[in-house]
Amino acid sequence: MDIFGPADILLPKDCDLSKWSVIACDQYTSEPAYWAKAAEIADGEPSTLNIIFPEVYLNSGDDDKRIASINETMRKYIEDGLFEEYKNSMVYVERKQHNGKVRRGIVGAVDLECYDYSVGSESPIRATEGTILSRIPPRKRIRENAIMELPHIIMLIDDRDRKVVEAVAERSGELSLLYDFDLMLGGGHVTGRLIDEKGIETVMSGIKSLWDDETYCGKYGSQPGGKLIMAVGDGNHSLATAKACWEDIKKGLTEDEKKTHPARYALVELMNLHDPTLEFEAIHRVMFDVDPEAVMAAFKEYYPQMSDEFRGGGQRVTAVYGHTEKKLYISGSACSVSAGTIQQFIDDYIEKHGGSVDYIHGGNVVRMLAFEPNRIGFILDGIRKNELFEGVIHEGALPRKTFSMGEAADKRYYLEARRIR
């Protein structure tokens, strides 16, 4: 079963790629100044900023107008011949992060027929975190009439023998250069090379080896049900949206049409979980329009076994508001990770008392946001990446917004595209 393979990849030609490429739409959602600066940099130039919907602007009152503009700009870019198309291709990507480390990946397409984000899924491609179903409809409105997609989705494989990405990286000097430039606003540097036929064969055979019974059981033990081969690292809701759109589209197709329709696939970047640069960061929380002292009182009531002293155990959460910063240790939670523990409380509090929550990358950003009145932040510890696949196999998807791969500035930037109509 080919769950990942080549795609007809579009790359812009004859334009400034530093202005073309912008960060994933779900970043800096509480920092409109970041997106204003990106707009200033890209002003008047071809840019992915014109064909994505930054979530900072969701529900701002002009959603329909913005979506119409996105679809029209996509058509214009296609009609104006902005893109060079690389048929049946994969791209080897090296991303130099802001800390100087180089992350490696392969851009290709996953088969959405092999992916299921529902609870209890046993499909070969699965979500690593709980999918918030209410977040899919607004994203469907953006994708359902779009003629192309741009990925910020990163998929992970547990390739301990390094037969896929690293095998291509060893031959990267033999591959044709596609792009090599600095990313805007501190995003580091990115280089892309066109993978040749030999490299594509290496990728495909390496992924097939992950299905081997002996290899799989050696990693996870004997497991009933389907094998987990690929897990979503970033862009969980974007991939879920692609799946939801495909489920709608295929209802009107013949069996033959279903096999080749471009919407059956989604463009992603594939990474090895064991890439040494891959670091899991916690996703923190900031509550808005609340009384911090009231939140703290309710928090202690919700988790009566919580202590502000370390007593040999408990999940650590740091509460931040104004000049106050308190480390708290929670015992007795039904959730195995602190993200689930804090989320249960936040959901309960907002339902009863109002307010809102946002999900933040970086502890210093939490401190900055929570310094303002009527806000409180919760800084969490991250999970160990080696726990990821085993956790999903044994326990199912982790609580939503549990972890992030790296800091906000290192998230994937939009660059490659693919037609879905």
Side-chain angles (χ1 to χ4, degrees), residues 6-7 9-28 34-35 37-38 41-42 45-52 54 77 82-86 89-109 148-156 164-166 168-196 199 203 233-235 238 266-272 275-279 281 361 404-418:
I9 296 175
L10 301 172
L11 281 171
K13 56 187 179 182
D14 303 324
C15 75
D16 186 339
L17 292 178
S18 293
K19 297 181 179 181
W20 167 260
S21 193
V22 301
I23 204 163
C25 66
D26 58 351
Q27 300 304 303
Y28 302 106
Y34 176 94
W35 291 99
K37 183 63 176 176
I41 292 170
E45 300 288 336
S47 177
T48 55
L49 184 58
N50 301 322
I51 50 177
I52 65 163
Y77 283 171
L82 178 67
F83 298 104
E84 185 79 32
E85 186 174 46
Y86 297 85
S89 296
M90 294 182 181
V91 178
Y92 169 67
V93 178
E94 290 185 347
R95 169 76 178 277
K96 186 176 182 180
Q97 302 176 158
H98 77 286
N99 59 9
K101 296 181 180 180
V102 178
R103 192 174 76 209
R104 297 166 177 84
I106 294 172
V107 175
M148 70 172 75
E149 63 175 0
L150 298 99
H152 73 261
I153 301 162
I154 294 183
M155 304 297 300
L156 300 174
V164 183
V165 180
E166 291 81 0
V168 174
E170 288 177 359
R171 298 184 50 248
S172 62
E174 304 171 25
L175 307 179
S176 300
L177 184 68
L178 290 173
Y179 52 78
D180 187 25
F181 64 97
D182 289 332
L183 295 160
M184 67 164 71
L185 296 174
H189 191 91
V190 66
T191 304
R193 299 180 181 275
L194 186 65
I195 299 178
D196 58 15
V203 172
D234 262 342
S238 291
L267 202 62
V268 303
E269 182 176 340
L270 181 69
M271 286 187 64
N272 186 6
D275 187 311
T277 69
L278 184 58
E279 299 175 356
E281 304 282 347
H361 301 276
S404 170
M405 299 195 315
E407 298 181 16
D410 297 324
K411 292 299 180 179
R412 195 172 204 284
Y413 277 55
Y414 299 107
L415 179 50
E416 300 88 356
R418 186 181 73 91

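Hydrogens, waters and symmetry mates are skipped; everything else that's a heavy atom, side chains included, is used. It should be emphasised that the depicted structure is a prediction, and the values quoted were computed from it without experimental measurement.
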Taking atom [atom1] of [X] and atom [atom2] of [Y], what is their separation to the nearest 0.5 Å?
X: E407; Y: E279; atom1: CD; atom2: CD; value: 8.5 Å
X: W35; Y: C25; atom1: CH2; atom2: SG; value: 7.0 Å
X: I41; Y: L49; atom1: CD1; atom2: CG; value: 10.0 Å
X: T191; Y: L177; atom1: OG1; atom2: CG; value: 7.0 Å
X: S238; Y: L150; atom1: OG; atom2: CG; value: 11.0 Å
X: K96; Y: L183; atom1: NZ; atom2: CG; value: 12.0 Å

N/O donor-acceptor pair under 3.5 Å between [X] side chain and [Y] backbone:
X: E149; Y: L267; value: yes
X: H98; Y: G187; value: no
X: Y179; Y: P12; value: no
X: R103; Y: K101; value: no
X: Y34; Y: L185; value: no
X: D234; Y: H152; value: no
X: R412; Y: P151; value: yes
X: R95; Y: K411; value: yes
X: S89; Y: A7; value: no

| request: With side chain to side chain contact (heavy atoms under 4.5 Å, CB included) as the test, would you mind laying out the steps for T277 and N99 before giving the verdict? | output: CA-CA 10 Å; T277 69; N99 59 9; over 6 Å; no
Heavy-atom closest contact ([X] atom, [Y] atom, distance):
X: L194; Y: L175; result: O-CB, 3.5 Å
X: P6; Y: M90; result: N-CE, 3.6 Å
X: S21; Y: L415; result: OG-CB, 4.1 Å
X: S172; Y: E94; result: OG-OE2, 4.3 Å

| request: Measure the acute angle between the ring planes of Y77 and W20, then classify it against the limits of 30° and 60° as parallel, tilted or perpendicular. | output: tilted
| said: Between V93 and E416, is the side chain to side chain contact (heavy atoms under 4.5 Å, CB included) condition met? List the steps. | reply: CA-CA 11 Å; V93 178; E416 300 88 356; 4.1 Å; yes
With a 4.5 Å heavy-atom cut-off, do [X] and [Y] have their side chains touching?
X: D180; Y: H189; value: yes
X: V190; Y: Y413; value: no
X: L156; Y: L278; value: yes
X: M184; Y: S18; value: no

| query | Any chance NZ of K13 has more than 12 other-residue heavy atoms, nucleotides or ligands included, within less than 6.0 Å? | reply | yes
| query | Is R171 salt-bridged to D196, going by a charged N under 4.0 Å from an acidic O? | reply |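 Salt bridge: yes.
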| Any chance the side chains of Y86 and E84 put a donor and an acceptor closer than 3.5 Å? |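 E84 and Y86 do not have a side-chain donor-acceptor pair below 3.5 Å.
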| message | Would V164 and V203 count as a side chain to side chain contact (heavy atoms under 4.5 Å, CB included) here? Give the steps. | response | CA-CA 5 Å; V164 183; V203 172; 4.0 Å; yes
| Given the rule in the side chain to side chain contact (heavy atoms under 4.5 Å, CB included) test, do D275 and V165 qualify, once you have shown the distances and angles that lead to the verdict? | CA-CA 9 Å; D275 187 311; V165 180; 5.7 Å; no
